[in-house]
Protein chains: 2
Amino acid sequence: MTVTPPARSPRRRVPRNTLNPDRILDAAVALLDRHGPEAFTMRALAQELGVGTMAVYSHFKGKDEIIDAVNERLLGEIELPSGTGPPRGQLIELCVGVYRLFSEHPSALQLLTSRPLRGDEPIAVIDRMLCLLITAGLDPSAAARAQVALMQYTVGAALWVVRRNRAECEEAEAGLREKIRSRLAALPPDSYPSLVGLAPELVAAQQSGQAQYEAGLSALLDGLIRN
Amino acid sequence: MTVTPPARSPRRRVPRNTLNPDRILDAAVALLDRHGPEAFTMRALAQELGVGTMAVYSHFKGKDEIIDAVNERLLGEIELPSGTGPPRGQLIELCVGVYRLFSEHPSALQLLTSRPLRGDEPIAVIDRMLCLLITAGLDPSAAARAQVALMQYTVGAALWVVRRNRAECEEAEAGLREKIRSRLAALPPDSYPSLVGLAPELVAAQQSGQAQYEAGLSALLDGLIRN
DNA sequence: ACCTGAACACCGTTCAAGT
DNA sequence: ACCTGAACACCGTTCAAGT
């Protein structure tokens, strides 16, 4: 006699206990944040997933496609500000969100520098920024220029911090700060009087991270919004 | 009879017609600017020099050491402003110099993001910036923060431009601009009203490069110098 | 359809050897 | 001292093959 096969959901795209794009991206982000972009290898990714190297290629065309997908996922994590209060405060909130994303996920930044950005995840952030700048009284062309400037500064600041963290990892723990200080002190004060004189303040500024970013952001917004 | 050997300069470090560190760095910079960082290969470099792959290793420890040397050479090319006129104008001149270096030598920027900066070439630039900021009336700690912010913004802006140029190269010639415009037009105006409404201005801002940089720099300086 | 292992064309670098 | 060629341990990806 014929047995009716067990009722089955018409589309069972994700067989249990096996690979899928989401699991791959989870592993990719974890790998990137843990060991940095240069350790992000197809072979390492597959090992992280407990799978043969080529299994990943069933879900992504290649490494570049994974990089794009990781970028899109991370940029999608940025949360938009609540939408109340004066535009200046909301702009700061939004920009700090972007800054924190990039400095907490150095991978995203490295990926951003190594490949042009595809996908449309960041558009929500851009749209909100523009809206806030218009609300703050800027005309369309000034708002567009301001939005680009804000993104440029944010990316640059994050890049700075990531580089510093990277340098700290490479050096013996915490010896870096002293090393920089001594190198600054060893410079001929006659040739570089300002730099030698301001060495402590410079080290402090380099060290402050998000506070430094917010100070610069505040100044930039002052200049952009005018008053 | 004994012939006195021909008088010889006591140190003849650079035998003619052969490799030396300078020739290697020339070739490295040329290779980087011509084909980008991912084509910068020890094998390609040796071929550019018409020499076996391992010859380079007689002059540099490895690829990283060459990267550091290239960075130092490029940063040393930045010219300091003449030293006359109000500090604001000199600061702009100096920052634009850094910006142009990075956007004309994408290699330098990529290298900057891939390795912490070693060597002391950029110190002259930093010293001059600090000096100008103090002259403009900032106190030491504000000057230090301002200097870092200026560098962060400059690096970020250059990174932006380099990424855009890279994207343009990858696409079929000049089709990119139209593509972006059409993708912006295809977005749902209800979801992203500001972005869709300001699309032409945004494209213009992205396209303007150094003018966009100078506009943002001017705003940032306004905010930093206060008045 | 999904996953595997072997293989290919690269890469930076080590090493023994030449001059 | 400077340069060479072969070799090693990697890398991304292709391909034929398994289920």
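These numbers were taken from a predicted model, which means no experiment stands behind them. Chain naming here is simple, since letters A, B, ... match the order of the sequence lines and numbering starts at 1 in each.
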For A:G50 and B:T41, take the nucleotide of DNA chain C holding the closest heavy atom to each; which residue's nucleotide lies nearer the 5' end?
A:G50
List for me each residue that meets salt bridge (Lys or Arg N to Asp or Glu O under 4.0 Å) alongside [X], sequence neighbours excluded, and say none if there are none.
X      : result
A:E48  : A:R34
B:D33  : none
B:R43  : none
B:E214 : none

[X] [atom1] - [N] [atom2] separation (whole Å):
X     : N      : atom1 : atom2 : value
B:L49 : D:dC2  : CG    : C1'   : 14 Å
B:E65 : C:dG12 : CD    : C1'   : 14 Å
A:L45 : D:dC10 : CG    : C1'   : 17 Å
A:Q47 : C:dT4  : CD    : P     : 13 Å
B:L19 : C:dT19 : CG    : P     : 20 Å

Just to be sure I follow the notation: if a pair is Watson-Crick (purine N1 to pyrimidine N3 plus N6-O4 or O6-N4) or a G-U wobble (N1-O2 and O6-N3), each under 3.5 Å, what dot-bracket string does DNA chain C give, with | for pairs to another strand?
||.|||||...|||||.||
Can you tell me if the side-chain N/O atoms of A:H59 get under 4.0 Å from OP1 or OP2 in C:dC3?
yes
Which residue pairs pass the side-chain hydrogen bond (donor to acceptor under 3.5 Å, both in side chains) test with at least one member in residues 51-63 of chain B, sequence neighbours excluded?
none
Between A:D22 and A:R73, is there a side-chain N and carboxylate O pair less than 4.0 Å apart?
yes
Name the nucleic acid region contacted by A:S58, choosing base, sugar-phosphate or nothing; use a 4.0 angstrom heavy-atom cut-off, strictly under.
base
Partners meeting side chain to side chain contact (heavy atoms under 4.5 Å, CB included) with B:A69 (sequence neighbours left out):
B:L25, B:F60
Identify, with sequence neighbours excluded, every residue that meets side chain to side chain contact (heavy atoms under 4.5 Å, CB included) alongside A:A39.
A:H35
Comparing A:A44 with B:V51, nearest DNA chain D nucleotide closer to 5' gives the residue B:V51
Parallel, tilted or perpendicular: which fits the ring planes of A:Y153 and B:Y153, with parallel below 30° and perpendicular above 60°?
tilted
Quick one: which protein N/O atoms are closer than 3.5 Å to N/O atoms of nucleotides 13-15 of chain D? Pair and distance per line, please.
from	atom 1	to	atom 2	distance (Å)
D:dT13	OP2	A:Y57	OH	3.0
D:dT13	OP2	A:K63	N	2.9

